[in-house]
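By convention in this document, chain letters (A, B, ...) are assigned in the order of the sequence lines, proteins followed by strands, and residues within each chain are numbered from 1.
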Amino acid sequence: MNIVSAIILTAALLMIIAGMFCLVRTYNLIRIIIAIELAMKAITLLLVFSGWVNGNLALAQTFVITMIVLEVIVAVVAAGIIVSLYRKNGNVDIRELTNLKG
Amino acid sequence: MQQFFIVLCLVLMVLAGGAAVMFRSMLKSSISLAVASALLAAVLFLMGAYWASIFELSVCSGLITVVFVSAVSLTNTDRCSEVRVREHKARVAVLPAILIFAGAALLFILFNSDFNIVASATPASFSAFKEALWSLRQADILGQIIVILAGTFAVIVLFKERDNI
Amino acid sequence: MSGLSSMITSGNGAGLIWIMIIIPVILAFLTLIIPKTAYIGRAIALLVGVIFNFIAAIAVFSTQEITMLLPWANFEMNLAFRIYNFSGFIVLAISVFALLIAIYSVAFMRNKNESGQVFFFYLLTVALANGAVLANNFVIMLFFWEALLVTLFGFLIINQKKNVKTAVKALVLSGTADLLLMLGIALTVYQAGTLSMDAIVDLPISGIGVAGYICLMLGAIGKAGSMPFHSWIPDAANDAPLPFMPLLPGSMEKLLGIYLLVRVSYNFYNLQPETGVSIAVMTIGAVTIILAVAMALIQKDMKRLLAYHAISQVGYMILGIGTALPVGLIGGLYHMINNALYKSCLFLTAGSIEHRTGTTDLRKIGGLAKVMPVTAVCFIIAALSIAGVPPFNGFFSKELIFDAALESGWIFYAAALLGAFMTAASFLKMGHAAFFGKENAPADAVKKESPPAMQLPMIILAAGCIIFGVCNFIPVKLIFQPMFADIVGSHNFAGWPHSATLVLISCIVLLIAVLNHIYGVKKTGQGLGAVDHIHYAPVLHSIYNGAEKRYFDPYEWLMIVVKIYAYISFGIDRAINWIYDVLLVKIVSFVSARLRMANNGSPARYMVWSFSGVAFIVVLFIALM
Amino acid sequence: MITFATISFLGLPLLAILLLNIVRKETGGTISINIGFVVSIIQMIAAVVCLSLLWLHGKDFIEFSLFWDMNATLGSARFSVDLFSLVVLFCIGMVSLASLLTAKKTIGAKALNYTNLLMVIMLGMNGIAVVTDLFSLYVFLEITGIASFVMIALLHDKRGLEGAFKYLVMSAIASALILGSLALIFTQTGSLVYGDVANALADWRNAQYAPLLVVAFVAFIAGFSIKAGIAPFHGWLPDAYQSAPASVSVLLGGIVTKMAGVYAIIRVLNSVFVSMPMINQTLLILGLISIVFGAVAACGQRDFKRILAYSSISQIGYIIIGIASGSLLGFVGAMLHFFNHATFKTTLFVNSAAVEAQTGTTDIDQLGGLQARMPVTAVSSILAFLSMAGIPPLAGFWSKLLIIIAVWQSASVAGGAIALAASIFTAAYFLILQRKVFFGPLEDHLTEITEAKGTISLAAVLLSIVTVAFGVLFPVILNFLHLQGIL
């Protein structure tokens with residue numbers, strides 16, 4: 001068992017846990033996106049780690065780059081929706097988002 | 001020595017991530033995220049993934065932070081701090097559940113796997129990277145083109161079009 | 001003839017089968033489309049259909065054996081047809097009767113509103129009957145067989161609302177028979193392991209075979225209109241449009257039913273004489289003969305009387321085939337074709353009288369022999385045939401059946417003789433009442449002979465009665481004996497009956513019938529009352545009364561059972577309904593209200609659900625590992 | 001011919017986006033919708049052409065590439081179409097057409113943006129259908145996702161933004177799960193191309209990092225379950241469907257979530273995770289939960305579109321248990337139910353769009369007796385619902401039958417019985433909806449209502465014809481599949 005591998009995996013898991021915890025706990029819409037970004041950082045780490053482990057780092061890097069592009073677009077769209085919601089509701093509180101239920 | 005730096009950066013990254021969760025101010029939170037991202041870029045560099053590292057540094061810790069900061073400033077939410085009312089017990093109860101499952105998964109992996117690192121010390125050469133990106137991942141390149149188009153339309157719909165209310 | 005066949009089939013009979021099924025169907029829809037004002041168009045469509053069918057049937061009859069197989073669906077459900085001498089003959093017989101009755105109908109249905117529907121169902125029936133006879137796969141046969149039920153129902157509900165009851169009755173009774181047939185097919189296929197009809201040969205009638213045989217047999221005789229599936233036929237005689245009676249109960253259903261009965265008894269299963277099953281079949285035949293003819297005796301309406309005879313004559317065929325003796329088989333088949341000839345002829349004469357007088361009630365008509373001589377002569381020939389007077393065809397086939405019945409047991413012979421007596425008596429009565437005696441007709445009657453188009457089929461059928469009687473070697477020696485050469489052997493049943501004693505006894509029975517008639521006419525003073533002394537005899541009177549009130553109608557019994565069943569199931573139904581309507585609804589609405597409350601629209605809650613879903617998957621994985 | 005047809009799936013919408021943004025904005029509206037018509041119709045034709053060419057040449061699949069030819073080394077992500085993806089591509093064209101027909105009357109000034117995004121979403125879905133690589137699958141999933149968030153928020157109303165945000169958050173969690181799982185799988189396999197992964201996983205219990213793979217499978221199932229909206233991962237789905245504009249919910253309900261979730265699961269189970277009883281069993285149980293949950297929850301809803309959303313959850317369950325049965329029969333059943341679901345659910349969403357366009361509401365308590373006023377809508381919705389409930393001559397019956405037989409045969413008699421029994425609830429919410437909306441006395445404020453205009457009714461009629469024809473001709477289709485050796 002390679003100690004660095006263990007630490008990388010643990011760090012990735014801690015980041016994911018931090019992200020998920022923040023996701024469930026927070027009331028702020030922007031922080032939800034930050035939480036998702038945190039989880040995505042961990043995933044990036046995992047992707048490069050897997051390439052590092054199996055020796056196919058070049059392929060892993062192409063995955064990471066494509067993923068980053070997607071991540072940015074998601075963040076932009078999310079920010080756009082949040083800003084629009086702010087214009088409608090006057091705040092960015094997730095508890096306001098309960099018009100649709102049942 | 002390289003491995004020591006990797007571990008150090010990882011620890012710092014986790015700390016920065018924790019800070020991003022814990023800070024009450026959204027601005028500080030965003031900046032912590034950017035720091036975590038930058039540290040991640042360092043880790044990637046140390047692992048030999050240079051181009052991924054460059055992208056991470058420029059796009060994630062740069063561009064996304066800009067997006068967040070502008071969103072925060074547009075919505076004036078930096079001041080309104082987190083309300084820490086625990087209305088939903090289920091939402092709090094989920095934390096131990098996540099921890100237990102994650103911990104179990106980690107232990108399960110760590111004590112059952114055997115990692116033989118094939119090429120940890122040899123960073124991917126540029127030609128290998130180029131070969132991988134251009135010759136093998138045609139679909140992803142098309143995907144990137146389309147997603148950028150999608151982002152453009154999203155910006156048009158969400159920002160440019162004025163509401164008629 | 002072979003030149004013609006090769007012209008149509010172009011060397012391959014498969015196309016012929018398609019033509020026989022598809023062309024009538026297309027023309028059937030054409031008759032529906034053609035408007036009422038263009039009656040001539042409808043008539044031409046009908047005639048083209050039946051003539052085409054006739055030509056194709058000749059080609060079919062003259063070709064060699066052809067098997068056609070088109071894979072259609074899984075599980076061996078192939079679109080398989082087979083032409084061989086027996087099925088070819090039945091198809092030919094059907095086409096002949098269809099042609100003659102169509103010519104008659106064209107004249108009869110003129111200026112009637114329902115002609116379009118009648119012709120539509122007429123052609124559809126012909127097509128389906130062809131398919132049912134030629135099918136070589138049980139599923140395909142069942143499809144055509146069941147579809148015939150639809151056209152039967154269609155015929156019966158064509159114009160009048162009051163027919164609905166009769167139509168439902170016919171549907172229920174024939175449907176029951178078809179259900180039994182389906183069950184029989186299931187049992188047979190289970191036993192034989194194949195759906196292909198020509199691959200099922202001589203299964204033993206033992207164990208499950210008994211059930212399989214009995215169900216198939218009941219299905220077959222149910223189509224032929226035997227007891228206990230008969231009671232809709234007399235009602236239909238009153239209500240249905242005229243072409244229906246000679247076409248379906250008169251000829252086609254007999255041909256189909258007996259065709260299947262013969263195939264079931266001699267091909268699929270191996271019916272042996274003197275076995276319990278054989279006696280059971282003969283009993284059904286004997287009971288059908290006596291009961292139906294006894295009812296026929298007292299009828300006052302021509303069509304209704306003929307309908308009862310249509311049932312009774314089936315009894316002879318079943319009796320003959322049920323003996324499982326070669327002579328009985330040949331007699332039964334010979335009687336089948338004879339019956340189709342004279343019974344259609346009789347229905348056509350009844351129709352001819354209805355056409356001119358507007359009624360077939362024997363109390364309202366009389367002495368028509370002078371105004372309708374052709375009809376009268378045809379009627380007399382057909383009546384002599386059905387009564388079994390030599391040298392007409394009925395005589396010869398009945399003698400063969402008598403022969404077989406006597407060999408199987410004197411009681412069956414006695415029943416057949418009693419049936420012969422009553423048949424003769426009832427036709428003496430009917431002929432006397434309708435054509436002789438005092439001239440009598442409703443006021444609006446047209447007192448002249450029917451048009452030539454209606455005379456022609458009657459004349460052809462009457463001539464057929466004579467030809468098949470005098471030259472009985474044509475059907476017996478040239479057609480039936482070669483078909484069943486493996487059963488009959490080299491034995492020849494054609495020519496004059498070999499037992500002079502039996503002939504003598506038959507003649508005595510006929511003589512008694514004539515004497516009885518004279519006695520009855522003397523007593524009541526009119527032809528119609530010729531059998532009143534039997535009708536109003538002490539014990540028989542009350543039985544007849546009951547029968548007229550339908551106390552002995554199996555359909556009525558069935559309806560009583562159904563009513564009781566309905567009453568019981570109503571209670572059960574309420575209980576089940578309560579479970580569905582009240583309990584289940586309450587549970588569902590309760591649960592779904594809870595679910596609505598649980599979904600409070602908060603994204604965090606959705607995430608919590610998802611995380612618990614992940615936990616659930618982990619638990620499942622651990623459990624499954 | 002075949003190159004042209006295959007390339008058109010990805011090339012044509014791209015071309016259309018170029019064309020759309022060249023035209024002047026003032027006249028852009030109607031022209032853009034018409035360009036959309038052309039694209040979706042060509043897509044349907046191309047799918048049919050490819051299908052017939054596939055059968056003519058007797059091939060199982062056609063591989064193609066867009067920009068340059070790739071040599072098939074480890075990790076090269078080519079495109080490929082086979083029977084299932086062509087059926088799905090046809091569905092995409094069909095549902096897009098229905099959505100466009102609905103949009104023509106309802107979308108108004110947003111036509112250009114709508115069509116732009118529709119082209120992007122079509123590209124995303126076509127990509128999901130033709131890729132042969134798990135990572136590319138993720139990329140196109142994400143594209144489809146992003147375009148649908150924006151489309152839900154297209155009208156910029158409060159509810160739309162809310163639904164879009166909920167979908168976005170859940171979808172992002174799903175992406176994280178899927179991508180994490182892919183990273184772990186990549187550790188083991190060194191490539192994410194379907195075939196390579198399948199080969200590498202063939203002996204996964206003895207593999208080097210096997211525990212990683214177990215975690216990867218859990219994350220994988222969870223991620224795709226969120227995308228597909230399988231209970232209990234379904235939370236976002238009714239909200240997104242309800243809040244979207246009429247024409248967008250046609251698209252979402254008819255095809256988008258099925259592509260993003262269900263198609264991906266079927267594809268991956270069929271060509272990557274071959275014969276892994278653990279995954280199949282898990283999906284079978286999740287599918288059964290989904291069937292019962294969706295149907296029961298639908299019974300209590302008060303909104304037309306929400307009922308349809310919950311019924312989607314239930315119907316997705318059927319598709320999932322079909323593929324989870326692991327047999328070929330189950331696969332064919334799932335494929336056909338996918339097609340049927342695309343048909344009848346689209347019909348129903350078109351109907352809800354018609355009701356919304358004419359009465360201004362989808363709340364079933366405020367509706368009633370519309371049968372007399374909107375006969376086309378009423379009849380087509382009855383047909384679609386009967387098909388969904390599995391009433392014999394209609395299309396839904398056959399696919400459901402195949403699925404239940406397949407589940408039954410895979411030694412899960414209880415599963416088959418539950419799936420069968422849940423049809424009762426399908427009938428129940430169908431009756432509730434029909435009684436409240438179409439049957440009964442006409443509400444007073446609805447007396448002025450007329451049938452929906454032109455294209456909406458046209459879409460409903462066309463889809464109803466497909467439902468009925470497919471049902472009636474089904475034995476022929478089954479026999480054809482049998483003759484082709486597929487079943």
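Between the CG atom of A:Leu23 and the CE atom of D:Met170 there is a distance of 9.0 Å, given to the nearest 0.5 Å. Residue A:Leu29 holds its CG atom at 4.5 Å from CZ of D:Phe165, rounded to the nearest 0.5 Å. The CG atom of D:Leu182 sits 7.5 Å away from atom CG of A:Leu47, with the distance rounded to the nearest 0.5 Å. With rounding to the nearest 0.5 Å, the separation of CZ in A:Arg87 from NZ in D:Lys158 is 15.5 Å. Separation of atoms CG (D:Leu134) and CZ (A:Phe63) is listed at 9.0 Å; rounding is to 0.5 Å. Atom CD1 of D:Ile146 is separated from atom CG of A:Leu70 by 6.0 Å, given to the nearest 0.5 angstrom.
Within residues 171-180 of chain D, the residues having any heavy atom less than 4.5 Å from a heavy atom of chain A are, in residue-number order, D:Ala172, D:Ile173, D:Ala176, D:Leu179, D:Gly180.
Side-chain atoms of A:Asn56 come within 3.5 Å of backbone atoms of D:Gly190 as a donor-acceptor pair (strictly under, hydrogens ignored). Using a distance-only test at 3.5 Å, with no hydrogens or angles considered, a donor-acceptor pair links the side chain of D:Lys166 to the main chain of A:Leu100.
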*A:Tyr86/D:Leu161 under side-chain contact (heavy atoms from CB on, under 4.5 Å): CA gap, chis, key distance, verdict*: CA-CA 10 Å; A:Tyr86 177 75; D:Leu161 288 168; over 6 Å; no

*Go through the steps for D:Tyr138 and A:Thr66 under the test side-chain contact (heavy atoms from CB on, under 4.5 Å), then give the verdict.*
CA-CA 10 Å; D:Tyr138 157 78; A:Thr66 314; over 6 Å; no

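Under the 4.5 Å side-chain criterion, counting only non-hydrogen atoms from C-beta, A:Leu46 is not in contact with D:Phe186.
The contact between D:Arg306 and chain A is made entirely by side chain atoms (from C-beta outward), counting heavy-atom distances below 4.5 Å. Contact annotation for D:Val150: only side-chain heavy atoms (C-beta onward) come within less than 4.5 Å of a heavy atom of chain A. Interface remark: D:Phe135 contributes side-chain atoms only to the contact with chain A (heavy atom separation under 4.5 Å). Both the backbone and the side chain of D:Glu162 come within contact range of chain A, each with at least one heavy atom under 4.5 Å from a heavy atom of that chain.
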